[in-house]
Amino acid sequence: MFQYFVRRLLALVPVIFIISVFVFLFVHALPGDPARVLAGENATQADVEAMRRALNLDRSLPVQYVEFVRNLVTLDLGTSLRTGEPVWDMMMRAFPATFWLSVASLAWSVVFGLIAGVISARRRDSFADHSAMVLAVSGISIPPFWLGLLLMQVFSVQLGWFGTSGFDDWSDLVLPSITLGAGVAAVMARFTRSAMVDVIREDYVRTARAKGLRERVVVWKHTLRNALIPVVTMAGLQFGFLLGGSIVIERVFRWPGLGSMLIEAINYRDFVVVQAELMLFSLEFLLINLAVDLLYGIINPAIRYR
Amino acid sequence: MAYLKTTALAAVLAATGGLAQAQDIKVAMDQVFHTLDPQDSNYNVDFSSMEGVFERLISFDEDMGLVPQLATEWEANEDATQFTLTLREGVVFHDGTPFNAEAVKANLERLADQSQNLAKNSMFNMVDSVEAPDETTVVINLKEPFGAMINTLAHPAVVMHSPASLEEGDVSDNPVGTGPFRFDEWVPGEQLRVVANEDYWDSEWPKVDSVTFYPVPENATRVSMLLSDEVQFVYVLPAELAENVESNDNYEVLSREGLTVWTAAMNMNKEHFQDPKVREAFNLVVDQEAFLQVVYSGHGSVPDSPIAPNTQFHEAQEPALSTDVERARELMEEAGYGDGFEVEIWARNNSTEVRMLQFLKQQLSQINVDATVLPLEGATRSERLFGSNVNPETIEYDLAIGGWSPSTGDADWHLRPVYATEGFIPAMYNMAFYSNEVVDGAVAEALATADPEARAAAYAKAQEQIWADQPAIFLAVDEKMAGRKKGVTGVIKMPDGTMQYSHAAVEE
Amino acid sequence: MTPTATPDTATPGTATSETRRTRGPVGEFWRRLRQRRVALAAMLILLAIYLFAFAAPYVLPYGPNDFDYLNTLQGPSATHWAGTDEFGRDIFARLMNGAKLSMFIGFTSVGIGAAFGIVAGLLAGFYGGWIDSITMRMSDVLFAFPGVLLAIGIVAILGPGLSNVIIAVAIFSLPAFARIVRSGTLALKESTYVEAARAAGASDMVIMGRHILPGTLSAVIVYFTMRIGTSILTATSLSFLGLGVEPSIAEWGAMLSTGRDYMLAGEWHLTVFPGLAIFITVLCFNLLGDGLRDALDPKLEQT
């Protein structure tokens with residue numbers, strides 16, 4: 001198991017290298033000049049040149065790439081072009097907000113998804129199945145910013161139950177996590193349903209049933225346990241997506257997370273921040289995938305790592 | 001949990017009322033802050049957030065009239081090459097450093113030193129030297145005449161830093177000024193907080209304990225925060241949401257006619273726009289009243305000059321803009337473009353400018369002009385309009401939408417960058433590539449003197465010429481709007497688009 | 001459309017011929033799909049929307065771009081069923097025009113993504129080795145990138161506009177198709193009939209095109225249907241960020257996004273109708289996809 005882990009970790013190195021090239025090219029292919037943007041709307045050409053010198057942006061691309069990689073290796077991510085703040089500090093400040101939003105969204109959507117999925121799979125083609133699936137699928141069918149604004153108008157402005165935006169209190173998590181989790185819940189519900197349906201027909205479930213075990217025990221102990229593997233994979237993938245921060249929802253709810261930070265950095269062509277953040281997302285995603293693979297073994301000890 | 005307890009306690013205290021409570025004002029702003037050093041910024045949000053922390057030598061009142069702040073008196077020599085200022089006495093910076101002529105000298109020299117690479121250095125490239133003959137007198141010597149100097153000193157970027165903080169180095173995140181508030185905390189992208197300065201030179205102020213700013217780019221969210229009492233002031237209230245704020249008894253809309261004139265510059269390097277008949281037709285076909293209605297929900301006014309009425313030396317021009325589609329068609333016919341032509345219009349991709357684009361496209365179709373509209377994301381637009389490799393001869397747009405607001409409040413900083421030959425993009429903001437000897441001459445003439453009457457005469461001449469030549473479709477003078485909770489006073493929106501909060505107070 | 005009338009059309013599953021005697025695979029598919037009433041209803045709603053969108057110009061008194069500055073921001077009424085927007089344009093007419101456009105964006109973007117993804121997945125799965133490694137690493141990279149961000153970047157690089165939005169969404173869909181087809185290919189490559197074809201001297205192209213591809217199609221079709229919903233929503237997000245289609249075009253995402261400032265001002269009809277249109281369409285595509293999956297998956301035969 002340990003050997004497997006190390007081998008998987010090593011296999012990430014070339015992927016990370018490709019990603020670093022991709023990220024660098026992507027960021028520099030964006031039209032727009034940070035010096036120009038940062039100098040401001042009414043800036044004259046002279047102001048822009050002054051800004052360019054101040055930012056050290058007059059160097060060639062290969063030189064900038066080498067510096068980018070060196071910074072990555074030494075974990076010194078440089079400083080923001082816009083505010084001059086160390087990028088590491090910025091990311092550490094924004095990460096908790098995105099992390100807690102991701103956890104809250106994932107938590108409720110996994111619970112909802114599992115329950116809806118199991119009910120649907122148990123009573124396939126019943127009214128309950130159809131209703132649960134239509135409800136779940138509604139979650140990924142609604143434009144997220146619209147849902148977010150609607151929730152804010154109703155629950156914050158009209159009813160005053162929650163704050164509109166920002167992250168000052170745990171209750172501030174409610175509306176954004178509902179908005180963000182709606183899509184995840186739908187995916188989880190559908191996925192659980194189809195995984196359960198697959199497993200229900202397997203021999204060992206039939207055997208369990210034949211042995212006369214109570215239906216509830218069959219469902220929750222034998223079936224769900226085995227259906228969990230694909231479900232956990234999916235949850236892991238979704239968590240990876242969530243941790244990337246949601247640009248749209250974070251903007252609507254003024255959420256001080258990685259998504260807000262990223263869109264701001266893109267708007268100001270703060271390349272240093274954009275690069276660092278994209279690398280972080282990719283890394284998070286890859287590590288979560290790895291973690292999910294390792295989890296398989298815990299859920300189902302029959303799986304052996306080779 | 002501890003947090004919840006304290007909030008509950010605070011709620012109880014607030015409900016019982018009797019205790020003296022801390023007065024905090026919270027403000028939602030439409031953009032993130034870039035720096036805390038106004039001398040190094042071109043953004044109104046940065047000037048606004050620091051307005052209470054720093055003071056300028058000369059400031060503006062609500063109508064953009066000059067008022068003394070750290071300087072009590074000022075005078076210029078006849079050819080506008082030497083300016084002498086008398087300073088206020090008894091002023092101390094937040095760090096205890098005394099405010100005096102040496103402090104002013106240090107700041108002005110920093111602004112004039114082109115090697116500093118500050119955003120506002122180029123505004124002071126005509127300064128030759130600054131002298132401090134005594135504690136309260138400062139003399140500024142210029143290399144060439146510059147009649148707009150006093151207004152330049154009143155620009156919201158021209159703040160006075162503590163010389164000690166300048167020596168220590170980085171003032172971009174640790175501002176030390178003389179204002180009624182001192183800097184407390186800045187969490188970029190989240191909030192910025194200033195607290196009362198108990199030692200302020202005017203003992204009457206400040207009247208609130210703190211002011212906190214939140215950047216909230218999403219319009220609906222920003223206004224929602226006001227309507228749910230999370231903030232008491234929304235800076236930049238979109239016109240379409242004004243009615244919503246106004247209809248609620250607890251809130252009010254502040255509205256001031258701005259300095260910004262919105263235009264669609266006609267690229268005169270394109271053959272069709274070299275014909276004055278075509279330019280006249282374009283102005284005739286656009287219905288400015290309808291424009292105001294559609295784009296600004298009726299808030300704003302129709303321009304009567306290339307510069308806004310609140311800008312110094314503004315002169316209303318004749319004839320007033322009118323709409324006459326028939327006449328426009330005739331003019332196009334006479335110019336040989338009866339069947340119209342194709343144009344490309346550039347603008348930013350925010351919702352207001354996107355509405356402008358759609359409106360223009362529809363209006364121009366009345367004279368058979370087929371418009372392709374291009375809403376450009378901010379950075380892309382900057383690069384395509386002001387990038388160093390921009391070539392005026394080959395740049396693609398036919399019409400470019402833009403709004404210019406002279407932050408000095410002076411006609412010079414509108415007419416020169418937008419309509420003089422030296423203003424051609426990418427250098428400044430002349431997107432029409434309009435070049436006229438009379439205008440260039442008048443702008444130069446007005447700078448060569450500090451005599452207001454002579455300057456007024458020169459600027460009148462320039463405005464008249466531009467109005468006759470119509471290098472742009474004149475669209476609107478916008479209103480600077482903000483939303484405020486009733487009972488809050490002294491937080492105001494200025495015609496230049498900045499905000500002032502030094503005299504903030506909360507009525508009981 | 002009776003089940004017996006359709007089997008003659010070319011179908012993905014024609015590899016085996018004996019099924020035709022009783023009931024062709026398409027007939028079988030129809031039989032199963034008809035049992036899925038939700039999916040069937042979703043399909044009928046989509047068809048109805050689409051047909052009405054085409055009929056709209058002949059039926060409605062207003063075009064999607066008829067400006068009327070005297071009647072801006074009117075609520076729903078007998079003359080304007082869904083009210084008018086800030087330019088006085090009839091929202092219902094724009095919705096109908098937007099239906100065509102949103103479907104077009106959905107189908108073309110996912111279609112392009114699917115086409116490239118299928119080719120990449122087939123080659124990767126069939127040949128393995130370095131082709132597989134490169135394809136899969138590239139798709140890892142694309143996967144690890146937040147999707148909306150990728151779209152933002154592409155639109156920023158290529159500029160805004162309908163075709164670039166389509167390209168952005170297409171690239172965003174590509175890796176998923178590549179993976180689906182690759183895993184199907186890996187399984188089918190070892191199957192007896194592929195080995196038989198190989199033994200009979202069939203070229204790689206023939207094997208891939210005739211024997212492997214059809215076997216992966218059912219998964220592709222299912223994913224395709226669901227992906228259309230996602231692509232419509234991605235286009236909406238791009239509009240929200242100001243990077244969508246040309247603003248005067250009546251596209252749902254653009255309508256919803258430009259209407260959002262009026263939402264708070266009480267002009268709810270500007271957002272509710274386009275929002276519902278997107279919601280219903282995407283919902284129907286998803287439900288249809290769910291139904292197709294159940295109908296196409298042989299394992300799901302009723303027990």
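Below, read A as the first sequence line, B as the second, and so on, with proteins coming before strands; counting in each chain starts at 1.
With a threshold of 4.5 angstrom between heavy atoms, A:Val134 approaches chain C through its backbone and through its side chain. With a 4.5 angstrom heavy-atom cutoff, A:Ile288 does not touch chain C via any of its atoms. A:Leu278 touches chain C through its side chain: at least one heavy atom from C-beta onward sits under 4.5 Å away, while N, CA, C and O do not. Contact of C:Thr281 with chain A is not made at all, since no heavy-atom distance falls under 4.5 Å. At a 4.5 Å heavy-atom cutoff, A:Leu283 makes no contact with chain C through either its backbone or its side chain. For a residue to count as touching a neighbouring chain, one of its non-hydrogen atoms must lie under 4.5 Å from one of that chain's; by this rule A:Ile263 touches chain C with the side chain only.
Nearest approach of C:Asn286 to A:Ser141, heavy atoms of both residues: ND2-OG, 3.4 Å. The minimum heavy-atom distance between C:Ile278 and A:Pro143, with the atom names listed, is CG2-CG, 3.7 Å.
Between the CD1 atom in A:Ile142 and the CG atom in C:Leu283 there is a gap of 10.0 Å [rounded to 0.5 Å]. C:Phe285 CZ to A:Ile140 CD1: the interatomic distance, rounded to the nearest 0.5 Å, is 13.5 Å. With values rounded to the nearest 0.5 angstrom, A:Trp146 atom CH2 is found 11.0 Å from C:Thr236 atom OG1. Once rounded to the nearest 0.5 Å, the distance linking CG of A:Leu150 with CZ of C:Arg260 reads 13.0 Å.
Interface remark: of the candidates A:Phe26, A:Phe145, A:Phe22, A:Phe285, A:Phe145 forms the most heavy-atom pairs closer than 4.5 Å to chain C. Listed options C:Thr230, C:Leu256, C:Val38 were ranked by heavy-atom pairs under 4.5 angstrom with chain A; first place goes to C:Leu256.
Atom OH of C:Tyr50 is surrounded by more than 12 heavy atoms from other residues, nucleotides or ligands within 6.0 Å.
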